[in-house]
Amino acid sequence: MHQYSQYPDESLYIAGPECFYTGGSNSLAAMRKESEFYGFQVALPNDKKLDWSDTEPRDNARSIFQNCADSMAVSTAILADLEPFRGTEPDGGTIYEIGMAYARGLRCYAYTRDLRPVVHKYQRAALKEDGKVYDLDGRVLPHMDIPFAPCIVGSCKIVEGKYTDCLKALRTDLDEERKHKAKRQTPAVDHSAEVTLEKGDKPVVYLAGPERYDPDAAEKYAAMKKLCEERGLVAITPLDAAPGVAEVESDDPYTKAYNLFDRWQQHVRNCDIIIADLSDYHGFEPNSDVAFECGMAWQLGKKCFAYMHDATWMRQRIAHYGEDKDNRDIYGNDVENFNYPVNLMFSGSMPVYGGKFEEIIDQVMEELNK
């Protein structure tokens, strides 16, 4: 930190899939140096040297997760790379980290090379005779009129360009806030910090999953709610209204997306437990809304559980070129090897069960009753 830093109280958390790239450590080092040039402190998960002597990969994963949580705790802003990762979704671990940052009240910034709506970027989208666009799973393509999932659009200021452009946007905003402090206080993050749900004696569980976008979502959630009710839980879902969040009628896709995000983030604040479906979504990553909600829930101290329809370990589930090629997949990304089915940010912070909701709910209850 040089003597005349413009931002002595600002520390950046740099998030993205670069850690999986060939030469990614050099890319992260360059981002750090650029940030420090402008007087920012930088908190990277790899700042602390890890002890890799443990023979149990899952223990190593938990150590990495704790490093990430420690770095987040001393940060004031997150700058996240939304590059598509093993499909059309961004890296799930990065979105989890955005959820953590939002829950802590950090400034949330993100960047992308392509800020066009999803409908123009989604691989193999199908325009059918009814005039609607469908995804590979046969549902009407979710949030097609905005560039990313509602939880990303709602929580982040998204910049089109590279890390440099995102950092420049943050610097501009910080400088403007400094000028306006003489007249008024500008909030860095627009979010509700209050629990708005009146609770009874039963624990409240939030059912986070991509089925929110299915045409039969109401029927699916009704069945899941019934299973929860039979076990003494009160369930809320992404389709339910959130107390204190009015439904906004608008034709503007950004307005609608933020309204959805506001509802869902309030559900996370209101619940005691989150049960999240992290099954592959449009590739090998979980749904971005779900990933965000998991990170937010963990950071707020909720009891977190997850499940995947296929919980096979990543090195077994994702095709790669083997040890002699550094276990790179067809995108050139390292495939994690922590004996977990999904990115360590999830696996290191919550149990991840294999099966469908009706198959894992009793395992969740057993863990809750311990």
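Excluded from the calculations below are hydrogen atoms, water molecules and symmetry mates; all remaining heavy atoms, backbone and side chain alike, are included.
Rounding to the nearest 0.5 Å gives a distance of 6.0 Å between OG1 of T76 and CG of L12. Rounded to the nearest 0.5 Å, atoms CG (D289) and CD1 (I95) are 9.5 Å apart. Within the model, atoms CD1 of I361 and CG of L207 stand 7.5 Å from one another, a figure rounded to the nearest 0.5 Å. Note that SG of C151 is 6.0 Å distant from CH2 of W264, once rounded to the nearest 0.5 Å. Atom CE of M314 sits about 10.0 Å away from atom CZ of F338, to the nearest 0.5 Å. How far CD1 of I275 is from CG of L233: 7.0 Å, rounded to the nearest 0.5 Å.
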Task: CA sep, side-chain torsions, deciding dist, call: V335, N337, side chain to side chain contact (heavy atoms under 4.5 Å, CB included) - done: CA-CA 7 Å; V335 180; N337 185 31; over 6 Å; no
TODO: Check step by step if side-chain hydrogen bond (donor to acceptor under 3.5 Å, both in side chains) holds for Y163 and S35.
DONE: CA-CA 10 Å; Y163 179 83; S35 304; 2.6 Å; yes
Open item on the list: side-chain hydrogen bond (donor to acceptor under 3.5 Å, both in side chains) for Q266 and D262? Distances and angles first, verdict last.
Closed with: CA-CA 6 Å; Q266 191 62 59; D262 197 14; over 6 Å; no
Task: Steps toward salt bridge (charged side-chain N to carboxylate O under 4.0 Å, His left out) verdict (D137, R139) - done: CA-CA 6 Å; D137 298 316; R139 66 168 75 84; 3.4 Å; yes
TODO: Please assess V205 against I274 for the test side chain to side chain contact (heavy atoms under 4.5 Å, CB included), listing each intermediate value before the final yes or no.
DONE: CA-CA 5 Å; V205 58; I274 184 172; over 6 Å; no
Task: Full working for side-chain hydrogen bond (donor to acceptor under 3.5 Å, both in side chains) between D334 and Y21 - done: CA-CA 7 Å; D334 177 39; Y21 294 173; over 6 Å; no
TODO: Output, in order, the C-alpha distance, side-chain angles, deciding distance and verdict of salt bridge (charged side-chain N to carboxylate O under 4.0 Å, His left out) for R58 and E336.
DONE: CA-CA 11 Å; R58 295 189 172 193; E336 288 186 38; over 6 Å; no
Open item on the list: Under the criterion salt bridge (charged side-chain N to carboxylate O under 4.0 Å, His left out), I'd like the reasoning laid out for K256 against D251: C-alpha separation, chi angles, the key distance, then a yes or no.
Closed with: CA-CA 7 Å; K256 291 192 291 186; D251 293 328; 5.7 Å; no
Open item on the list: Test ring-ring contact (aromatic ring centres under 6.0 Å, His included) on F20 and F85; report intermediate values, then the result.
Closed with: CA-CA 10 Å; F20 301 109; F85 189 69; 5.4 Å; yes
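Partner of F305 under the side-chain contact (heavy atoms from CB on, under 4.5 Å) criterion, chosen from E367, M365, M350: E367. A side-chain hydrogen bond (donor to acceptor under 3.5 Å, both in side chains) with S288 is found for exactly one of H282, E89, H143, namely E89.
Put simply, the side chain of S75 never gets that close to the backbone of A77: no donor and acceptor are under 3.5 Å apart. E160 places a side-chain N or O within donor-acceptor distance of the main-chain N or O of L115, the cut-off being under 3.5 Å. With hydrogens and angles disregarded, a donor-acceptor distance shorter than 3.5 Å links the side chain of R317 to the backbone of P341. For D130 (side chain) and K132 (main-chain N/O), a donor-acceptor pair under 3.5 Å exists by modelled atom type. A donor-acceptor pair under 3.5 Å is formed between the side chain of N259 and the backbone N or O of A246. Between the H267 side chain and the D240 main chain, a donor and an acceptor come within less than 3.5 Å of each other. Between the side chain of D329 and the backbone N or O of G332 there is at least one donor-acceptor pair closer than 3.5 Å. No donor-acceptor pair closer than 3.5 Å links the side chain of S155 to the backbone N or O of Y102. Of the possible polar contacts, one joining the N287 side chain to the V290 backbone as a donor-acceptor pair under 3.5 Å is found. Without hydrogens or angle criteria, S279 side chain to H309 main chain gives a donor-acceptor distance under 3.5 Å.
Ring centroid separation for the pair W298 and F346 does not come in under the 6.0 Å cut-off.
Between N60 and E56, the side chains place no donor N or O within less than 3.5 Å of an acceptor N or O (distance only, hydrogens not considered). In this structure, a donor-acceptor pair under 3.5 Å is present between the side chains of D310 and T312.
Salt bridge present: E177 and R107 bring a charged side-chain N and a carboxylate O closer than 4.0 Å. Comment: K356 does not engage D277 in a salt bridge, judged by the lack of any side-chain N to carboxylate O separation of less than 4.0 angstrom. Between R104 and E97, none of the side-chain N atoms (NZ, or NE/NH1/NH2) sits under 4.0 Å from a carboxylate O, so this pair counts as no salt bridge. The residues E229 and K225 are annotated as not salt-bridged, no charged nitrogen and carboxylate oxygen being separated by less than 4.0 angstrom. Salt bridge present: R116 and D114 bring a charged side-chain N and a carboxylate O closer than 4.0 Å. Salt bridge status for R124 with D135: absent, with no side-chain N to carboxylate O gap under 4.0 Å. Salt bridge present: R62 and D59 bring a charged side-chain N and a carboxylate O closer than 4.0 Å. A salt bridge does not link D272 to K303: none of the charged nitrogens lies less than 4.0 Å from a carboxylate oxygen.
Annotation: R113, atom CZ; neighbour count of heavy atoms from other residues, nucleotides and ligands within 6.0 Å does not exceed 12. Heavy atoms from other residues, nucleotides or ligands lying under 6.0 Å from CD of E366 number 12 at most. A 6.0 Å sphere centred on NZ of K162 holds no more than 12 heavy atoms belonging to other residues, nucleotides or ligands. Heavy-atom neighbours of D324 CG from other residues, nucleotides or ligands within 6.0 Å: above the threshold of 12. Residue E358 places its CD atom among more than 12 non-hydrogen atoms of other residues, nucleotides or ligands, all under 6.0 Å distant.
Side-chain contact between Y281 and P142 is present, with heavy atoms from C-beta onward closer than 4.5 Å. Within the 4.5 Å cutoff, no side-chain heavy atoms of V74 are placed close to those of Y13. F357 is not listed as a side-chain neighbour of Y221, based on a closest heavy-atom distance of 4.5 Å or more.
Cation-pi geometry between K302 and Y206 is not met at under 6.0 angstrom from the ring centre and within 45 degrees of the axis.
Residue L28 comes nearest to C19 through the heavy atom pair CD1-N, 4.3 Å, listed as atom of the first residue, atom of the second, then distance. D145 and P253 make their closest contact through CB-CB, 3.6 Å (heavy atoms, listed as atom of the first residue, atom of the second, distance).
A search for side-chain hydrogen bond (donor to acceptor under 3.5 Å, both in side chains) contacts involving K157 returns D173, not counting sequence neighbours.
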